[in-house]
Every structure is written in C-alpha cells, then in structure tokens.
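On a predicted model such as this, the values are computed, not experimentally measured, just so you know. The figures here come from the full heavy-atom set of this structure, side chains too, leaving out hydrogens, waters and symmetry mates. The first residue in the sequence is number 1, and the count goes up from there.
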Amino acid sequence: MYTAYFGFDSKPFRSKDPKGFYRNINLDAACADILDGIRERRGFMLLTGEAGVGKTSLFHRCVAEAGDIRFILLNGADFDSSGADFDFPDILDHLCTNLKLQFTGLDTERQSRLLLEAVAARVRRHQAVALWIDDAHRLPVDVLPCLQAFVETPAIPFLRLQVVLAGLPELASELDRPKWRGLGNCIRVRCRLERLSELETGLFIGHQLRVAGYAGGELFSPAAIERICTYCQGVPRAIAILCDTILLFASLQSERVIT
C-alpha cells in the first residue's frame with residue numbers, strides 16, 4: 001500500500017532479492033568463514049545468534065554467493081513439528097529428496113551408501129554439498145552423533161558432506177558439554193551474529209530504503225532511528241517489522257518524514 005506513496009519500487013523491509021542483503025563486518029566475516037570452511041572441507045560449522053539477527057538471511061546470502069556449493073536447507077519446522085518421531089533416517093530422506101535420488105525401499109545402510117556416492121560424484125564435478133540445519137538447537141540430541149558418524153564415513157575428507165549447524169547461542173554451550181566433546185571438537189568453524197548498534201540500525205534502514213528504490217530525502221529522522229533502536233534492541237527482524245508498520249501508518253496519515 002505504501003510503496004507508491006513513498007516512491008519505492010518494492011517493499012523495503014520484505015525484499016528477498018540477494019542485492020538487498022545488508023552487510024557489515026560481522027555478517028561479512030561469518031559468510032566468508034562458512035563458505036571457506038565448506039570449500040576447505042572442514043566438516044562441521046557452527047553459526048549462532050539470537051532470534052532475528054539474520055541466521056536464515058545469511059543462509060540465503062551464502063547460497064547466492066556460492067555457485068560451487070549445493071546447499072540443502074533443513075528448517076527447524078521440518079523436524080520440530082515431528083517432535084520425538086524425527087530421527088536420523090529423516091535427515092537421509094531429506095537429503096536424498098533434495099538431490100533427487102531414488103531411495104524408496106532402501107534400508108538406512110543402503111540409503112546412506114547411495115547418498116555418499118551422490119555427494120562424492122558432485123565433489124568430483126567440483127561442487128561441494130552442504131546441509132544447513134536452521135534452528136539446530138531444536139534438533140533431537142540423539143540425531144547428532146549419527147550425523148557425525150555419517151559425515152566422517154568417507155576416508156577422504158574431501159568427499160564428505162559438509163554441515164552447518166545454525167541455532168541460538170545456547171547451542172554452542174550445549175556442544176561444549178563433556179558428553180558432546182567428540183562432536184564439539186569436530187566443529188572447526190564457529191561464527192556468532194551480533195545485534196546491530198544504533199549506528200548500524202540507521203545504516204540498515206538506509207540500505208533497505210535504497211534497495212527498494214527510494215530516491216527522496218531523509219525519511220527517518222535521527223530521533224526516530226534512535227527510538228527504533230531502543231525498541232528493537234538491534235535485532236534486524238524486529239527493526240524490519242517495526243519499520244514496515246511505521247511506513248504503513250505514515251502513508252495512511254499522509255506523512256512524508258518519520259519523526
């Protein structure tokens with residue numbers, strides 16, 4: 001509704017276009033570390049951050065920037081809804097389905113072998129395969145050792161499936177506990193996304209407006225940005241939701257500047 005009123009080409013805080021990714025030192029470093037880790041066949045990578053700081057957005061950015069990596073997303077909703085019924089074979093099914101492998105009727109051992117052969121074949125064609133598990137803190141804990149064993153099955157690390165565990169900060173603490181020491185020691189890349197500062201909040205808002213095609217003058221006053229930062233506490237998702245709502249109300253009230 002407000003896009004035409006403010007002269008936007010699209011909604012600035014709902015863009016899925018890769019060019020709309022906001023960048024800062026923290027996000028750039030996490031993206032580079034994960035992509036380097038996959039290309040160097042580090043095996044397991046860990047990405048943590050509070051809800052709404054951009055973990056899923058970083059996944060889409062990694063996909064957009066790495067044509068040599070075949071990413072497969074396993075979303076928390078895929079296994080959280082299944083609860084205790086979700087198990088390691090469900091991960092195998094998800095991987096096989098995304099790689100378009102015929103696995104009907106195969107037991108876990110033969111399915112694993114089929115999948116490992118498919119991953120190795122893609123690697124030989126210069127494409128790594130990476131499983132990105134979003135909301136990994138919701139993953140049943142008994143699944144992780146099975147996943148670790150599967151990843152480490154090929155004797156040659158270069159031929160292995162790569163795994164990115166993305167979740168809340170407590171996931172890092174959980175993996176550091178003695179009972180998970182084996183898996184924790186396998187995680188060679190650890191990244192954490194932080195909240196935005198007040199300065200970065202303003203830069204984030206400005207970036208989203210430019211990506212949406214805004215060419216006018218100052219739309220959000222410094223005081224408004226300060227207030228947004230206070231309310232949203234530097235969480236990009238919250239900033240986007242609030243700004244989207246503010247712009248809607250401003251257009252309904254025929255306001256041209258957000259004060």
Mind checking what makes side-chain contact (heavy atoms from CB on, under 4.5 Å) contact with E226, not counting sequence neighbours?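 Result, side-chain contact (heavy atoms from CB on, under 4.5 Å) vs E226: E198.
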
Counterpart residues, side-chain contact (heavy atoms from CB on, under 4.5 Å), relative to L92 (two or more places apart):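 F88, T108, Q111, S112, L115, F150.
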
If you take all heavy atoms of L171 and A166, which pair is closest and at what distance?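 So the minimum-distance heavy-atom pair works out to CD2-C, 4.5 Å.
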
For S254 and Y5, which heavy atoms make the closest approach, and how far apart are they?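 Smallest heavy-atom distance, with atoms named: C-OH, 2.9 Å.
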
Mind checking whether [X] and [Y] have side chains closer than 4.5 Å, heavy atoms only?
{"X": "T48", "Y": "C191", "answer": "no"}
{"X": "L131", "Y": "V151", "answer": "no"}
{"X": "D87", "Y": "D90", "answer": "yes"}
{"X": "I258", "Y": "S221", "answer": "no"}
{"X": "V53", "Y": "L196", "answer": "no"}
{"X": "V257", "Y": "L219", "answer": "no"}

Nearest 0.5 Å, what's the [atom1]-[atom2] distance between [X] and [Y]?
{"X": "K11", "Y": "C243", "atom1": "NZ", "atom2": "SG", "answer": "13.0 Å"}
{"X": "I133", "Y": "L165", "atom1": "CD1", "atom2": "CG", "answer": "5.5 Å"}
{"X": "L203", "Y": "L199", "atom1": "CG", "atom2": "CG", "answer": "4.5 Å"}
{"X": "E117", "Y": "L114", "atom1": "CD", "atom2": "CG", "answer": "6.5 Å"}
{"X": "M45", "Y": "I187", "atom1": "CE", "atom2": "CD1", "answer": "9.5 Å"}
{"X": "I91", "Y": "C146", "atom1": "CD1", "atom2": "SG", "answer": "8.5 Å"}

Should we count CD of Q102 as having more than 12 external heavy atoms under 6.0 Å?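 At most 12 heavy atoms, drawn from other residues, nucleotides or ligands, come within 6.0 Å of this atom.
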
ring-ring contact (aromatic ring centres under 6.0 Å, His included): which pairs involve residues 112-134, sequence neighbours left out?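 Residue pairs passing ring-ring contact (aromatic ring centres under 6.0 Å, His included), neighbours aside: F59-W132.
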
Can you find a side-chain donor-acceptor pair between [X] and [Y] that sits under 3.5 Å?
{"X": "Q162", "Y": "R41", "answer": "no"}
{"X": "Q127", "Y": "R122", "answer": "yes"}
{"X": "Y214", "Y": "D9", "answer": "no"}

For [Y], is there an ion pair with [X] - N to carboxylate O distance below 4.0 angstrom?
{"X": "R39", "Y": "D68", "result": "yes"}
{"X": "D176", "Y": "R190", "result": "yes"}
{"X": "R23", "Y": "E200", "result": "no"}
{"X": "R160", "Y": "E152", "result": "no"}

Residue from Y2, F220, F13 passing side-chain contact (heavy atoms from CB on, under 4.5 Å) with I246: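 Single side-chain contact (heavy atoms from CB on, under 4.5 Å) partner of I246 among Y2, F220, F13: F220.
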
